[in-house]
Every structure is written in structure tokens, then in C-alpha cells.
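Have a look at the structure below before the remarks.
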Amino acid sequence: MLALIDCNSFYAACEQAFRPDLKNKPVVVLSNNDGCIVAANREAKALKCLNMFDPVFKHKSELVKHGVTVFSSNYALYADMSRRVMNILGRFSSDIEVYSIDEAFVDLAGFDKSDHTAYGTNIRNTILKYTGLPTGIGIGPTKTLAKAANKIAKTFPQKTAYVYSIDSEHKRIKALKWLQLKDLWGIGRRYAKKLNRLGIYTAYELCMLPDDWVRNNMTVVGLKLKQELEGTPCIELEQVRPRKKAIGTAKSFGVKLSDYKLISEALAYYVAEVAEKLRAQNSLAEAMMVFIHTNQFRTKDKQYARNMVINLPRATCSTTELTHFALKALKAIYKPGYNYKKVGVLLAELVNENAVQKDLFADESADIKQRKLMQAMDRINLRFGKGSTLTAACGVRRNKWKLRQQNLSPRYTTSWNELLKVA
DNA sequence: TCTGGGGTCCTAGGACCC
DNA sequence: TCTGGGGTCCTAGGACCC
């Protein structure tokens with residue numbers, strides 16, 4: 001049996017954990033640049049008028065009217081709270097897959113069958129006690145059924161107390177008949193629509209379809225999903241996160257930008273970010289894509305979007321080397337006279353640093369020096385905070401292009417200067 | 001005025017190899 | 001009239017996840 005532990009309204013709950021005054025009050029969290037609503041707690045969802053991913057400016061008046069507290073995204077806080085939750089899970093089982101920032105699969109093999117729900121409740125109570133974060137826990141024989149059980153746990157809290165286990169054939173059938181296709185893990189908008197047109201609305205009805213049909217119309221991914229719903233595990237627990245195959249970043253500017261120098265400084269900063277992630281997973285990049293575009297929502301503005309792929313002359317993880325090529329690409333695709341909204345970089349063709357063929361004629365001493373420099377930078381930034389050391393190409397005018405974050409909460413758990421004050 | 005960001009996997013078809 | 005057989009690699013597009 002597998003358990004899926006998932007934090008309820010994770011971002012909003014992280015904010016509330018340090019703001020007891022907001023208990024039982026509506027809270028939403030916004031995307032980068034305070035653009036869209038990306039998280040809402042139960043109280044905020046109950047207002048109905050706040051659609052997830054709607055731009056926040058469309059809801060200004062409702063937010064004020066209902067006294068909703070609004071936060072900018074505080075990823076330093078969420079990442080640290082996530083780490084704490086995962087550490088707690090580690091006490092309960094050594095077989096864990098951290099699936100996303102707010103959920104994890106836990107293998108319950110070896111635990112007493114009759115006690116899965118009690119065990120889940122124990123996990124839930126421990127996380128709540130140590131972090132202040134409420135969770136929902138679903139238990140089932142496959143990942144997909146654990147996901148489904150989780151959905152049931154969260155939908156019927158009065159009946160389940162946020163823990164539900166699909167541990168009998170009877171419960172499995174009942175769950176499948178209740179589960180709407182659109183709520184299934186692995187069924188997105190497209191497939192839901194397609195199946196609905198054929199008169200198929202529940203997970204149970206999906207399972208009634210012949211395997212061949214599912215295979216032909218929904219690829220092997222759909223077939224695996226069906227078999228998982230039937231109780232046959234097809235999706236393995238991935239305890240070790242595989243290395244990423246691509247690492248990218250692209251953030252909208254807080255304001256529209258036209259100036260080449262400013263855009264290049266933002267790009268250099270993003271390159272430093274992705275290069276640090278690249279080194280953290282011991283990979284090198286063999287290719288890079290740089291792109292830039294204007295704001296498609298400003299229909300009156302002239303629009304422009306372009307990208308450029310560069311095959312790097314050799315695999316590298318050096319920020320300075322990557323910056324050099326990124327700026328070269330930007331120079332090639334930048335056109336003056338546009339209001340730009342976003343610039344981004346994607347590192348691709350990532351290879352393990354130990355599996356790379358070296359240049360037979362290269363001067364190794366320069367590489368070693370460069371490697372040490374990067375290690376020093378990474379250590380300084382880890383200890384003294386993001387951006388403590390940067391390349392000169394990043395400039396000193398971050399405030400000209402950085403994210404808009406007007407309702408940012410303190411980094412309560414990761415910065416000495418921002419600790420929670422108790423009066 | 002203001003509209004997110006970061007990923008993965010699968011398939012079909014074309015180009016190419018021997 | 002008849003035109004092989006067995007493969008790999010790449011890409012664009014479509015689907016999905018959080």
C-alpha cells in the first residue's frame with residue numbers, strides 16, 4: 001500500500017502558520033509579479049468569486065469586500081516548510097518519493113494492514129503539530145488510487161478527518177464510481193472533454209473501456225492509468241529524483257522594458273540562477289535556448305517574440321561561460337523599439353559531469369580554476385543568501401526589473417533578520 | 001495599470017543508415 | 001505488372017503534472 005500525503009492549500013497554509021491572527025480567515029497567494037491568484041485556502045475558495053489563475057486585478061473589489069488577506073509568493077518560505085514536512089515523513093518510512101513541493105508518496109509495505117488509516121492519522125497529526133500545516137492523506141494499492149483516496153479525504157473532511165484508505169475491492173469500486181474523470185490524476189482538460197463527448201464521466205466508466213481503445217486513443221499513459229485504477233501498479237515509486245533533463249527560468253519583468261542593457265542584466269541574473277541549479281545536480285549543459293517576448297495582453301503594443309538555440313562548444317556549468325553565450329544570443333534576437341515583458345533561458349542537453357568526454361587539447365588548469373570559483377560562489381550564496389555574489393553582467397540595478405512583490409511575508413525560517421517576533 | 005513558472009512523457013512522420 | 005527489410009535519430013505537436 002502507498003500513501004499520498006498532500007498539504008492543504010500549501011502556500012496559503014505556510015503563510016497562516018506564522019499568522020495566527022488569520023486563522024479561519026480567507027487567504028490567497030499570488031503568482032510572481034503579483035499577477036494571478038495561485039493558491040487560496042478553504043475560506044477563500046468558499047467565496048466562489050475567486051477563480052484560481054485569474055488575474056488578481058479583476059478581483060480587487062471582491063478581495064477588499066470579503067477582507068481577504070493577500071500575499072505575494074514567498075518561495076524561500078515555502079521551500080523551507082516543504083523540507084520540514086518531508087523530513088518528518090522520513091521518520092515514518094524510508095521509502096518516500098517527494099513528488100512536488102507539497103506532496104509525497106510513502107510506501108507502507110511492512111505496516112500492519114488493519115492499521116493504515118490509524119498510521120495515516122498519526123502522520124497527519126505529527127506534521128500538524130511540528131509545522132502547523134494541515135494535510136490530507138490518501139492510501140491505496142497504487143499511486144493513482146492513493147491520489148484518488150486523497151481526493152476523497154479532502155472532499156469529505158467530516159467523514160474522513162482528512163485520512164482515507166482504499167483498502168478493499170468494495171471501497172475501490174465505490175471510489176471509482178464517485179470519481180469524476182476531470183479529477184483523475186493523468187486526465188487533463190483535453191482527455192476529459194474527449195471522453196465526456198463519448199458519454200464517459202467517471203473513473204469507473206473509463207475502466208469499462210477495452211484496453212485497446214484506451215491504448216489507441218490515450219497512448220500507453222492512458223492504459224497505465226486504467227490499470228492503476230484497477231489495482232495493478234504501473235507507476236513505480238521514484239525514491240531518487242532523476243536528474244533534470246532541462247533547467248530553465250523565465251520571469252516577467254515587474255515593468256515593461258525596452259532598454260537592451262537592462263534586459264541583458266536580467267538575463268545574466270537568470271543564467272546565474274539556472275547555472276547554480278545545474279551544478280547542484282552535477283550536470284553540464286550542452287545546449288542553451290534564449291528567448292524574449294513582448295506582452296501579448298497589451299494588444300495595442302507592437303508584438304515581437306523570438307528565441308535562439310545555441311549548441312555550446314563544450315559541455316559546461318560555468319556561470320561566466322554560460323552568460324557569455326546567453327548574452328551573445330540575446331544580442332542576436334533583441335530588436336530595439338519594443339516593450340518587452342519577459343526574457344528567459346533554458347539549459348538543455350544536460351549530461352552527467354562524470355560522463356562527459358573532455359577536450360583533448362584544452363588547457364585544464366583554467367577549467368579547474370573556474371570550477372573552484374563556481375564552488376566558492378555557490379557556498380557564499382548558500383551561506384549569505386541568494387545573490388550575495390553575482391557576475392558583473394548582472395549589473396546593480398535589479399530594482400529596475402525585479403519581480404513586483406507588494407505583499408511579501410518575511411522569510412520566517414531562513415533569515416535571521418526576519419524571525420517571527422512574539423510580543 | 002495590472003494577466004505565472006517549471007517541468008515530463010509519448011507519438012507520428014520524415015530523414016537517414018546499411 | 002512488378003519496386004526490400006530492418007533499423008536509428010530528430011522534431012513538432014499534443015498531452016499531462018504541480
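Numbered from 1 within each chain, the chains take letters A, B, ... in sequence-line order.
Within the 4.5 Å cutoff, no side-chain heavy atoms of A/Ile137 are placed close to those of A/Tyr162.
Checking B/dG13 for Watson-Crick or G-U wobble geometry (two distances, each under 3.5 Å) identifies C/dC10 as its partner.
Side-chain contact of A/Thr294 with A/Asn339: a donor-acceptor pair under 3.5 Å is absent, judged by distance alone. Between the side chains of A/Arg404 and A/Ser72, no donor N or O sits under 3.5 Å from an acceptor N or O. With hydrogens and angles left out, the side-chain atoms of A/Asn352 and A/Ser283 include no donor and acceptor closer than 3.5 Å. Side chains of A/Asp167 and A/His116: no donor on one and acceptor on the other come within 3.5 Å.
Looking at heavy-atom distances under 4.0 Å, A/Glu103 makes contact with sugar-phosphate atoms alone, never a base.
Residues from residues 182-205 of chain A lying near DNA chain C, meaning a heavy-atom separation below 4.0 Å, are A/Leu184, A/Trp185, A/Gly186, A/Ile187, A/Gly188, A/Arg189, A/Arg190, A/Tyr191 in numerical order.
Between the P atoms of B/dT3 and C/dC18, the separation comes to 26 Å (whole Å).
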Can you give one letter per nucleotide of nucleotides 2-14 of chain B, going 5' to 3': B for a protein heavy atom under 4.0 Å from the base, S for sugar-phosphate only, - for none? BBBSSSSSSS---
Applying ring-ring contact (aromatic ring centres under 6.0 Å, His included), run through A/Tyr99 and A/Trp185 and close with a yes or a no. CA-CA 13 Å; A/Tyr99 180 67; A/Trp185 190 46; 5.6 Å; yes
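Considering A/Glu286, A/Glu349, A/Glu321 in turn, A/Glu321 is the only one that fulfils the salt bridge (Lys or Arg N to Asp or Glu O under 4.0 Å) rule with A/Arg314.
Aromatic pair A/Tyr204/A/Trp178: ring centres not closer than 6.0 Å.
Between A/Ile5 atom CD1 and C/dC18 atom P the separation is 15 Å, expressed in whole Å.
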